[in-house]
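Written below as structure tokens is the structure these notes are about.
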Amino acid sequence: MSDPRAGWSSGDRALTAGKLMLAWVALLWLLEVVDVATGHALDGFGVTPRAPSELADVVPSSFIHFGFAHLAANTVPLLVLGFLAALAGLRRFLLVCALIIVVDGLGVWLIAPDRTNTAGASGVIFGLFGFLLVTGFVERRPLGVLAGVLVAAVWGGSILAGLAPTQAGVSWQGHLLGLLAGVAAAFVFRRDPAAPPALTR
């Protein structure tokens, strides 16, 4: 049998991670163009709490934004944090994102204030921040620890500000739940410290 590592360099992994995140962000922008063109018809895919029919919007809500300014604010952190998280293996990255999206969406459905509509990728962003922050420590990987420290230095202040419950129009509940889901994902999907990086495309 051939070695699955053959031809799969760190450069290949970075290129694939970059393509994935660019495609993700491009999808978000395309959806917002469609939303504006249809008179914001997609805004209804946000999560309104405790309405049983809204459970169907738990996943779509992470891909919908309330205007281009909202989306623009999420674009760079999603690109960078997603790229860093995807470098360690795309299969695990997708599982981490799925856990964050579902836990965050269900949590918002349960605890968000009445008569609110919550959507956007910020829950995923906070989740990826939490994942990157602790996964190096959980797996005892020096490079992972360094990545977590750098991520905290660059985005730590913004993350703390996003958790403040005093900001009008900001779902601090969704931010907090995303952050906690990302930390949990670091434990749920932790790798053996002796294992090599995942080589999945």
Side-chain angles (χ1 to χ4, degrees), residues 4-5 8 10 13-14 16-18 20-21 23-25 27-28 47 49 54-63 74 77-112 118-156 158-160 162-163 171-201:
R5 293 179 178 82
W8 184 238
S10 58
R13 194 157 44 243
T16 303
L20 173 63
M21 293 315 303
W24 187 337
V25 168
L27 173 62
L28 298 185
V47 173
E54 290 294 303
L55 288 171
D57 294 334
V58 162
V59 173
S61 64
S62 292
F63 298 86
N74 284 338
L78 179 62
L79 269 175
V80 176
L81 297 178
F83 173 76
L84 292 175
L87 284 176
L90 297 188
R91 184 178 295 117
R92 184 172 74 152
F93 171 71
L94 294 176
L95 290 171
V96 166
C97 289
L99 177 65
I100 292 169
I101 289 171
V102 171
V103 170
D104 186 53
L106 287 175
V108 165
W109 184 84
L110 282 170
I111 71 171
T118 303
S122 56
V124 177
I125 291 167
F126 276 69
L128 291 173
F129 175 88
F131 175 77
L132 291 168
L133 186 66
V134 304
T135 191
F137 295 96
V138 170
E139 298 176 356
R140 301 191 297 279
R141 293 179 183 271
L143 286 179
V145 172
L146 177 60
V149 170
L150 292 175
V151 164
V154 174
W155 274 289
S158 298
I159 293 295
L160 288 175
L163 297 175
S171 175
W172 66 268
Q173 298 94 340
H175 293 172
L176 177 60
L177 290 163
L179 179 66
L180 294 176
V183 171
F187 288 90
V188 173
F189 300 113
R190 66 183 180 274
R191 298 174 302 175
D192 183 338
L199 300 169
T200 54
R201 290 185 182 269

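This one's a predicted model, so the numbers in the text were calculated from it and none came from an experiment. One is the number of the first residue; the rest follow in order along the sequence.
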Point-to-point distance, once rounded to the nearest 0.5 Å, from CG of L160 to CG of L179: 9.0 Å
Do L128 and C97 have side-chain heavy atoms sitting under 4.5 Å apart? yes
Here the gap from L176 atom CG to D104 atom CG, rounded to the nearest 0.5 Å, amounts to 9.5 Å
Does the S122 side chain pair with the main chain of I125, one donor and one acceptor, at a distance under 3.5 Å? no
For L28, give me all partners under side-chain contact (heavy atoms from CB on, under 4.5 Å), at least two apart in sequence or on another chain. W24, F63, H65, L71, L78, A121
Can you check whether V103 reaches L177 side chain to side chain, under 4.5 Å on heavy atoms? no
Gap between atom CG of L163 and atom CD of Q173 - 0.5 Å precision: 11.0 Å
Which residues pass the side-chain contact (heavy atoms from CB on, under 4.5 Å) test with A14, sequence neighbours left out? F83, L87
Count the heavy atoms of every other residue, nucleotide or ligand shown that sit under 6.0 Å from CG of L95, and state whether that count exceeds 12. yes
What pairs with F126 under ring-ring contact (aromatic ring centres under 6.0 Å, His included), at least two apart in sequence or on another chain? H175
Is the shortest side-chain heavy-atom distance between L81 and W155 below 4.5 Å? yes
Ignoring hydrogens and angles, tell me if any N or O in the side chain of R92 forms a donor-acceptor pair with the backbone of F189 under 3.5 Å. yes
Contact between L133 and V183 at the side-chain level, heavy atoms closer than 4.5 Å - yes or no? no
In Å, rounded to the nearest 0.5 Å, how long is the span from CZ of F93 to CZ of F131? 9.0 Å
So which atom in S62 and which in I101 form the shortest heavy-atom distance, rounded to 0.1 Å? OG-CG2, 3.6 Å
Residue pair L55 / L106, side-chain heavy-atom distance below 4.5 Å: yes
When you measure from the side chain of S61 to the backbone N and O of V58, does any donor-acceptor pair fall under 3.5 Å? yes
Answer yes when R191 and E139 have at least one side-chain N-carboxylate O distance shorter than 4.0 Å, and no when they do not. yes
